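Small disclaimer: the values here were computed from a predicted structure and weren't measured.
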Amino acid sequence: MADTLFGRGLLAEIQGAMDEMPEALARVGGYILGQPEAAIRASTAELALQCGAGEASIVRFCRQMGFAGFRELKIALASDIAYRRSDETRGSSELADRMITALKSTSDTISEADLKEVAARLAAARHVDVFGSGVSGIVAELFAYRFSRLGLVARAFQDPILADEVAGARGGDSVVIAISETGLTVPTERFLTQSRAAGAFTVAISGRQFGGLEDLCDVVFVATPVSPLPQRGEMSPVAAKLFICDLLAQEVTAALSAA
């Protein structure tokens, strides 16, 4: 795929590949090109129905475009839409437009089932450990604060050595959350690996989608990056992660009320 960093250029890639696709896959591509936002909101079965194709054709289409499955394609598609919207609105409240677009894209790609599953785990957890380095460490502190206000036992770690030292206290009734902008750093990988080995339920909240994260986590939430990509020190990428935090907090509150 030529220029699809964070999904940018995906619609153009689909358009260029249409002539070489079998009829069933071309119908899938045509629907996505015509109604990309509807495609983002659809399940695999719903998209297959709209396209008049089988679910297997959806899977083949995603793989032909270079994605493991429909979920990964939707994330890239949402990112492409975010870039396009940003290009259209630049010059008028540019920063606000960029952030709003990223938040809307993040909202469109998050699975409600994943939100409810993670919230249920959080509500029942003996304790919640949140890890991040650098600015992501500050975000981890805010996650721990938000969950603590709900009555959860939540703690944040920015020091990977300290996070390693308490890894033995985690178990099957623990939830760990790794915050990362770049996806999978060495400290993040070690934190998730040790936590999973201890039996903890593992979650990542990242600005990028990487296969390595999927292998180490029960659930991955992708916070769509702003477009154009932020300059060093810009705080705008934090917004989508805190949005996910509040989405989780809402679901935790509902789970605790129902218990």
Side-chain angles (χ1 to χ4, degrees), residues 1 3-14 32 35-42 65 67 70-115 118-119 130 132-143 146 177-185 188 203-210 213-214 217 219-251:
M1 301 175 69
D3 182 27
T4 54
L5 179 63
F6 301 124
R8 187 175 190 177
L10 176 59
L11 288 169
E13 288 284 339
I14 293 174
I32 292 174
Q35 301 188 60
E37 294 188 2
I40 289 171
R41 293 190 294 270
M65 295 308 302
F67 299 96
F70 187 40
R71 180 176 182 272
E72 290 76 16
L73 184 140
K74 287 200 292 184
I75 291 169
L77 181 59
S79 297
D80 192 16
I81 292 172
Y83 276 108
R84 288 167 180 264
R85 287 176 178 167
S86 178
D87 288 342
E88 292 170 358
T89 59
R90 192 166 302 159
S92 174
S93 303
E94 179 181 348
L95 180 58
D97 290 336
R98 289 167 64 206
M99 295 178 70
I100 290 168
T101 298
L103 290 175
K104 179 64 167 60
S105 178
T106 299
S107 177
D108 286 344
T109 57
I110 285 182
S111 161
E112 288 292 328
D114 285 346
L115 275 177
V118 174
V130 192
S133 299
V135 173
S136 292
I138 299 172
V139 177
E141 295 278 357
L142 293 172
F143 267 69
R146 185 71 174 95
I177 301 175
I179 311 292
S180 177
E181 180 58 29
T182 57
L184 194 58
T185 62
T188 301
V203 180
I205 297 174
S206 172
R208 303 185 189 184
Q209 178 77 26
F210 283 120
L213 275 178
E214 296 276 353
C217 295
V219 174
V220 176
F221 293 119
V222 176
T224 303
V226 294
S227 169
L229 295 179
Q231 300 298 311
R232 179 167 295 185
E234 188 175 332
M235 299 304 295
S236 53
V238 171
K241 296 182 183 67
L242 296 182
F243 172 65
I244 293 172
C245 181
D246 267 345
L247 288 177
L248 288 170
Q250 288 180 2
E251 293 292 342

Shortest non-hydrogen contact from [X] to [Y]?
X	Y	result
I244	I110	CG1-CD1, 3.6 Å
A39	K74	O-CD, 3.6 Å
A178	T188	CB-CG2, 3.7 Å
L103	A239	CD2-O, 3.7 Å
E112	E251	OE1-OE2, 4.1 Å
D114	F221	CB-CE2, 3.8 Å

Taking the side chain as C-beta and beyond, is there a heavy-atom pair between E37 and D108 under 4.5 Å? no
Using a 4.5 Å cut-off on heavy atoms from C-beta on, say whether the side chain of I138 contacts that of E141. no
With rounding to the nearest 0.5 Å, note down the distance linking [atom1] in [X] to [atom2] in [Y].
X	Y	atom1	atom2	value
L242	I179	CG	CD1	9.0 Å
F243	L248	CZ	CG	10.5 Å
R71	T109	CZ	OG1	8.0 Å
Q35	R41	CD	CZ	9.0 Å
L142	S136	CG	OG	11.5 Å
F70	L77	CZ	CG	8.0 Å

Kindly indicate, with the supporting measurements, whether the criterion side-chain contact (heavy atoms from CB on, under 4.5 Å) is fulfilled by L10 and F67. CA-CA 11 Å; L10 176 59; F67 299 96; 3.8 Å; yes
Using the test side-chain hydrogen bond (donor to acceptor under 3.5 Å, both in side chains), find all partners of K241 that sit at least two apart in sequence or belong to another chain. E181
